There are 2 protein chains.
Amino acid sequence: MTDLDALDVDLLAALREHPRAGALELSRLLQVARGTVQARVDRLEREGVITGYGPDVDLAAAGFGVHAFVTLEIAQGALDAVADELAAHPAVLEAYATTGASDVLCRLAASSHEDLQRTLLELNRSGVVARSTSVVVLSEVVAPRTTPLLRSLPREAPRRAPAYRD
Amino acid sequence: MTDLDALDVDLLAALREHPRAGALELSRLLQVARGTVQARVDRLEREGVITGYGPDVDLAAAGFGVHAFVTLEIAQGALDAVADELAAHPAVLEAYATTGASDVLCRLAASSHEDLQRTLLELNRSGVVARSTSVVVLSEVVAPRTTPLLRSLPREAPRRAPAYRD
DNA sequence: GGTCATGTGGGCGGACTGTACAGCTCACGA
DNA sequence: TCGTGAGCTGTACAGTCCGCCCACATGACC
């Protein structure tokens, strides 16, 4: 676990807002030297804070307008089997083991309600799932984001970056 | 809504796997001309299929190791108020209005269990939330992904791309 | 005081981007 | 059957950026 300083957070935000920007343009935006930007990005990638770079795909625009969240109750100790099952199904966008009455929460996408129903039936038919409940997404209330969270922590100023004044 | 052909899907997958690749390298990977890659990417961005380009941040690596999903029951017609409330809270990563017994499903991140508890209390205290249930994420079963879904549909071959085979 | 890590500013060659243009080929409609 | 237009290819050129150097400055730490 790394702790980020204010420059790191600004760098991540700048990367998100200016996807096409190279190191040189970022250095201009952040008022630091190009080498600093490159070193910071390298460090963030090396330490696993940056895991990739999109592209972020709007599934609705790509023809998958129906989204749903499904909770699964599974047989004791069958988590691995369920993980394989879910990973093998393309409609599963992500899945997490959770506390609570259910064991797994996963998010599905489909091109239509019929398509979604088909997916749900396939998952239920697989045997490892004891019970499932599903809710369909009606609208996006808060779009996916991380910057506000990263900014919410009090950040120390960069240890050394004379040219960087926020 | 756009329908993507096989080249579009391969292009999106290549972009994800080779984040640093420019148009020229992508054109080599996909065995098409550079101009084609540029034209396709432009089209995908213009039509809203590509909405952005990361960086994808591993929140656990950034100090926010605790994730939770929360379902909210809200007062009749208070969705806008809840949306504002949620948007104002940095710990809210995303939120969706859903069918089912609850009205809103949202995903939270926090630096610790105490931090999470504090967030939950703040959301409950706000008044617009009638009831809430929360589950904590224990582990990632399927990592976020979209490529399998995009590949799952039978895609027509690109209408014209003589150099593009497979 | 010395050392280390980090940031700054600069320079260099090679590589890439943006843009333009001509030619090819297929789909479509007159 | 024959244009026409859209899409892809290949090429070219100028401008820009990247990766990699270097010397030097500045705090933190020993």
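The figures here come from the full heavy-atom set of this structure, side chains too, leaving out hydrogens, waters and symmetry mates. Note that the structure is a prediction, hence the values are computed from the model and not measured. Below, read A as the first sequence line, B as the second, and so on, with proteins coming before strands; counting in each chain starts at 1.
Taking Ile, Leu, Val, Met, Phe, Trp and Tyr as hydrophobic and joining them when side-chain heavy atoms fall under 4.5 Å apart, one finds Val135(B) in a cluster with Phe69(A), Tyr96(A), Leu105(A), Val135(A), Val137(A), Phe69(B), Tyr96(B), Leu105(B), Val137(B).
Across the protein-nucleic acid pair, Leu11(A) atom CG and dT6(C) atom C1' stand 15 Å apart, rounded to whole Å. In this entry the distance linking CG of Asp42(B) with P of dG7(D) reads 13 Å, nearest Å. In this structure, Arg20(B) atom CZ and dA15(C) atom P are separated by 19 Å, rounded to whole Å. Put simply, CG on Asp5(A) is 14 Å from C1' on dA5(C), counting in whole angstrom units.
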Could you walk me through whether Leu79(B) and Val141(A) pass the side-chain contact (heavy atoms from CB on, under 4.5 Å) test, one step at a time? CA-CA 9 Å; Leu79(B) 184 56; Val141(A) 173; 4.2 Å; yes
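Using five terminal pairs a side, the axes of the helix from dG1(C)-dC30(D) to dA30(C)-dT1(D) at its two ends make an angle of 40°, given in steps of 10 degrees.
Under the 4.0 Å criterion applied to side-chain N and carboxylate O atoms, Glu85(A) and Arg125(A) are not assigned as salt-bridge partners. No salt bridge links Glu122(A) with Arg118(A); every basic N to acidic carboxylate O contact stays at or beyond 4.0 Å.
Applying side chain to side chain contact (heavy atoms under 4.5 Å, CB included) to Ser134(A) and the options Leu123(A), Asn124(A), Leu120(A) leaves one that passes, Leu120(A).
In this structure, the side chain of Thr119(B) engages the main chain of Asp115(B) through a donor-acceptor pair within 3.5 Å. At distances below 3.5 Å, not a single donor-acceptor pair connects side-chain atoms of Thr51(A) with backbone N or O atoms of Val57(B).
In this structure, Arg40(B) reaches the dC8(D) phosphate: one of its side-chain N or O atoms is under 4.0 Å from OP1 or OP2.
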Base versus backbone protein contacts along nucleotides 13-18 of chain D [heavy-atom cut-off under 4.0 Å; B, S, -]: ----SB
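Cluster membership check: Tyr53(A) shares its hydrophobic cluster with Leu44(A), using side-chain heavy-atom separations under 4.5 Å among Ile, Leu, Val, Met, Phe, Trp and Tyr.
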